[in-house]
Amino acid sequence: MDGFKHRGQRRQLIKLLRESGQFDEKVLEVMANVPRHVFMNSSFAEYAYQDKPWPIACEQTISQPSTVARQTTALRLLPRQKVLEIGTGSGYQAAVLSLLGGRVFSVERHEPLWKQAKLTLKRLRLNHVRCFLRDGQAGLPEFAPFQRILVTAAAPEVPNSLLEQLEVGGLLVIPVGPADAEQRLLRIERLAGADYQTEDLGSCAFVPFLPGLVD
Ligand code: SAH
């Protein structure tokens with residue numbers, strides 16, 4: 001499943017990400033151990049270790065490795081923390097969160113992606129990542145509160161449900177903005193009940209956060 005060639009290409013990619021000096025070392029160590037090609041369609045597998053997004057099913061994309069490194073660094077996930085990911089997609093980001101020690105709950109609105117991600121995670125023995133076929137706009141109220149929430153699709157505005165499901169002291173990392181214009185990556189900390197503090201981490205580009213389920 002993870003051959004010599006892929007391991008070599010992956011080492012090279014991680015070296016480039018490390019040299020950029022922008023990412024947390026623990027995140028890079030985990031990414032060095034996740035076979036990204038296994039999360040992709042075999043026709044793109046040879047490109048898996050280029051720092052690019054690639055098509056997955058349902059007209060979605062697997063996030064670019066530097067984007068995964070950036071979002072995961074921004075999230076400051078600690079081992080054992082409960083983390084909600086909105087937008088499972090391929091399951092790659094969920095695998096990274098899980099190998100960092102997070103207790104991962106991941107939500108996807110496309111049934112084929114949800115099914116495939118579950119299979120891939122199982123193949124890698126990451127069966128403890130909990131995957132849900134849901135509209136992520138509602139979050140996952142029955143498992144709230146979460147210490148960390150990561151959104152991997154760009155929302156026009158921050159959904160209230162996600163703010164409510166964040167534990168006090170917790171962090172929400174979310175790209176906000178329209179699909180066809182500039183989006184900003186925000187990190188929001190819940191300081192107390194209704195008191196939130198937002199940091200702008202710069203511009204970014206994500207697929208849109210859309211309502212409803214699709215099969
Ligand atoms: N984290 C993924 C990135 C996938 S792209 C990975 O590592 O591969 C973003 C994903 O968000 C897409 O799969 C898209 O279907 C999903 N998405 C968009 N809006 C959503 C919503 N309201 N609820 C759940 N998932 C959503």
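When a ligand or atom number is given, it counts from 1 through the structure's own listing order.
Annotation: ring-ring contact (aromatic ring centres under 6.0 Å, His included) contacts of Phe209 (sequence neighbours excluded): none. A search for salt bridge (charged side-chain N to carboxylate O under 4.0 Å, His left out) contacts involving Glu19 returns Lys15, not counting sequence neighbours.
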One line per pair, note the atom names and distance for all nitrogen or oxygen contacts under 3.5 Å between ligand 1 and the protein.
{"unit_1": "ligand 1", "atom_1": "1 (N)", "unit_2": "Glu85", "atom_2": "OE2", "d": "2.9"}
{"unit_1": "ligand 1", "atom_1": "1 (N)", "unit_2": "Gly87", "atom_2": "O", "d": "2.9"}
{"unit_1": "ligand 1", "atom_1": "1 (N)", "unit_2": "Thr152", "atom_2": "OG1", "d": "3.3"}
{"unit_1": "ligand 1", "atom_1": "7 (O)", "unit_2": "Gln93", "atom_2": "N", "d": "3.1"}
{"unit_1": "ligand 1", "atom_1": "8 (O)", "unit_2": "Ser90", "atom_2": "N", "d": "3.0"}
{"unit_1": "ligand 1", "atom_1": "8 (O)", "unit_2": "Ser90", "atom_2": "OG", "d": "2.6"}
{"unit_1": "ligand 1", "atom_1": "13 (O)", "unit_2": "Glu108", "atom_2": "OE1", "d": "2.7"}
{"unit_1": "ligand 1", "atom_1": "13 (O)", "unit_2": "Glu108", "atom_2": "OE2", "d": "3.4"}
{"unit_1": "ligand 1", "atom_1": "15 (O)", "unit_2": "Glu108", "atom_2": "OE2", "d": "2.6"}
{"unit_1": "ligand 1", "atom_1": "19 (N)", "unit_2": "Leu210", "atom_2": "N", "d": "3.0"}
{"unit_1": "ligand 1", "atom_1": "22 (N)", "unit_2": "Asp135", "atom_2": "OD1", "d": "2.9"}
{"unit_1": "ligand 1", "atom_1": "22 (N)", "unit_2": "Leu210", "atom_2": "O", "d": "2.6"}
{"unit_1": "ligand 1", "atom_1": "23 (N)", "unit_2": "Gly136", "atom_2": "N", "d": "2.7"}
{"unit_1": "ligand 1", "atom_1": "25 (N)", "unit_2": "Arg109", "atom_2": "N", "d": "3.4"}

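Between Phe44 and the choices Tyr49, Trp54, Phe39, the ring pair (Phe, Tyr, Trp, His ring centres under 6.0 Å) rule is met once, by Trp54. Partner of Thr120 under the side-chain hydrogen bond (donor to acceptor under 3.5 Å, both in side chains) criterion, out of Gln116, Lys122, Arg123: Gln116 alone.
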Table please: side-chain donor-acceptor pairs of residues 153-163 below 3.5 Å, with sequence neighbours left out.
{"unit_1": "Ser161", "atom_1": "OG", "unit_2": "Gln137", "atom_2": "O", "d": "2.4"}

Between Leu13 and Gln9, does the side chain to side chain contact (heavy atoms under 4.5 Å, CB included) criterion hold? Intermediate values first, please. CA-CA 6 Å; Leu13 167 68; Gln9 291 175 340; over 6 Å; no
